[in-house]
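Chain identifiers are assigned alphabetically (A, B, ...) following the order of the sequence lines, protein sequences preceding nucleic acid strands; residue numbering begins at 1 within each chain.
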Amino acid sequence: MNRGHLVIGLVLATASIALLLLLVLYGGGGERHVTALSSETALYVTDFALFTEAPHTRHPRLSDLRTAYREGPGALEHSVSSLFLPHPREQQ
Amino acid sequence: MTAHFLMREGLLLDYITTRFRRSVLKWLGFCFLFTLITFFYGSLFFFSDLLQEQADIWLEDAPDIVVQMQRGGRQQEMDPAMLETLREIRGVADGRSRLWGYYYDAATRSAYTVIAPESTLQQGEAIVGRGVAALWQFSAGDSISLEDGNGDSMVFRIHSVFPEESDLVTADLFQITPADFRRLFQLPENLVTDLALSVPQPAERANVAAKIKESFPRSRVVVKEDLHNTYRMIFGWRSAIFLIISVVGLLALLIFAIDQLSGLWSGERQEIALLRCLGWTPGLVIRARFYEVGFIALFSWLTGTLLAWCHIYLLGGGLVASVLRGWSAIFPQAGFYPMLNLESVGYLFCITVVPLLSVALIPIWKTANIDPEALK
């Protein structure tokens, strides 16, 4: 191991530690945004607008429970996003 | 003593660098594959963290309990007079009726979520989500025409666009006045979509829900915690097909790693035998291997984590988004605020560094303990 190796190693180590620190600081800190919606509108915000292609993916808990899987709970769906959504279990 | 230790470790590192140089391609391949694995799982973990955090922020003001009516398994509009009965249940502080629905727009082949809260909006005005605005490429002041239940067109002037930071929850929203809503969907005056109840004490919500279900057997009661859990469980064990495919990939990589790193092929065994004959203890052989694989694993873990973090929080999670997006025309573009969940970073460490080290060290430990004479 010569001096060149040491220098390269030190530079790499410092760079990675600096990056990790930056990540922790940048990710952990910072002011969170305040709610920008009126309380009346917020009453309607029950779900993310991530999967907007079908009612049961847009509002997994609030849409018709039986239509989505009515061909049987094992039926393959046409909607990719259903793969990521948990099964809507009915409240007792 | 310390100087002696440092010199020996320095020489070990020297030995490792020569080993790296001898098979650059193999180590580069490893770095690439495990960076890819960390990046893949990291993107999913970070996206899921983001959703959980955003759910805490945006779904905080969601109704504590939503009551819907069903007939024949289909949701039905309900009479708001039911609110009077519900308000009398102990624990219920307040109740509101809600008007909302979906409007499918054939021209853009997309569905908007139309909501009609009480607001300062004038009749014929609308507030739209950024996704809808982007689809039509319009801004505040423009007009949009929708078709009502009779096939007549209704023109709405865009009053404003929902703020960018709320994009994750408002991208497809279309807010109009209750009167416009009733006209658009031909909904009679005495019916509403569902009811939203305020139950300030979380402990009472289950009780209230049970009471409502008892009094109105046709009702469906959804508690706020369930809404939250939906997004807490996203990418959870439920997404089985997805996980099975990815776990198979991970296993294939591990088998490849076992094959390459176990050191059971003759060249590797010879090298270990040579080192043992030169007077290296088994501990030293294992330590050399530990440094070697540890460096590769740590490097891949760090690079993968950093890349995944940048992908989700700085670049808006393009790859995850394209999978999630499915067939929907509207997808939130903003709202990916930087954060770091150390728990996820820990999970990533367990996925990359721990298996790689164990795969490499256990066979070497076995080989290194054999008498060098036996390896001839």
* **A/Ala49 to B/Ala171 - nearest heavy-atom pair and separation** =>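 Looking at all heavy atoms of both residues, the shortest contact is CB-N, 3.9 Å.
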* Asked: For the residue pair A/Thr46 and B/Pro63, what are the closest heavy atoms and their distance?
  ->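 Looking at all heavy atoms of both residues, the closest pair is CG2-CD, 3.8 Å.
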Shorter than 4.5 Å, heavy atoms on both sides: which option in [options] has the most such pairs with chain A?
options                               : value
B/Cys310, B/Ser119, B/Ala55, B/Ala111 : B/Ala55
B/Leu227, B/Asp172, B/Asp167          : B/Asp172
B/Asn341, B/Thr18, B/Thr303, B/Leu59  : B/Leu59
B/Tyr15, B/Trp100, B/Tyr104           : B/Trp100

Non-hydrogen atoms of chain A under 4.5 Å away: do they reach the side chain of [X], the backbone, both or neither?
X        : value
B/Gln75  : both
B/Leu173 : side chain
B/Ser198 : neither

[X] side, atom [atom1]; [Y] side, atom [atom2] - distance, nearest 0.5 Å:
X        : Y        : atom1 : atom2 : result
B/Glu118 : A/Ser39  : CD    : OG    : 11.5 Å
B/Tyr112 : A/Thr52  : OH    : OG1   : 10.5 Å
B/Leu121 : A/Glu40  : CG    : CD    : 12.0 Å
A/Arg58  : B/Tyr102 : CZ    : OH    : 7.0 Å

Answer yes or no: does atom [atom1] of [X] have more than 12 heavy-atom neighbours from other residues, nucleotides or ligands under 6.0 Å?
X        : atom1 : result
B/Phe299 : CZ    : no
B/Phe295 : CZ    : no
B/Glu164 : CD    : no

Would you indicate whether the side-chain heavy atoms of [Y] and [X] approach each other to under 4.5 Å?
X        : Y       : result
B/Asp61  : A/Val45 : no
B/Ile115 : A/Thr41 : yes
B/Leu51  : A/Phe48 : yes
A/Leu62  : B/Val66 : yes

* Determine yes or no for a side-chain-to-main-chain donor-acceptor pair under 3.5 angstrom, with B/Arg98 supplying the side chain and A/Leu43 the backbone. =>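 Such a contact is found between B/Arg98 side chain and A/Leu43 backbone.
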* Asked: Donor-acceptor pair, A/Tyr44 side chain versus B/Leu99 backbone, under 3.5 Å?
  ->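 Such a contact is found between A/Tyr44 side chain and B/Leu99 backbone.
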* **Sequence-distant partners of B/Lys211, salt bridge (charged side-chain N to carboxylate O under 4.0 Å, His left out), two or more places apart** =>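 Checked B/Lys211 against salt bridge (charged side-chain N to carboxylate O under 4.0 Å, His left out); zero matches.
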* salt bridge (charged side-chain N to carboxylate O under 4.0 Å, His left out) with B/Asp49: which residues, sequence neighbours excluded? ->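 Scan of B/Asp49 (salt bridge (charged side-chain N to carboxylate O under 4.0 Å, His left out), adjacent residues dropped) gives none.
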* Evaluate the criterion side chain to side chain contact (heavy atoms under 4.5 Å, CB included) for residue pair A/Leu50 and B/Leu168; output intermediate values, then yes/no. => CA-CA 7 Å; A/Leu50 281 175; B/Leu168 268 177; 4.0 Å; yes
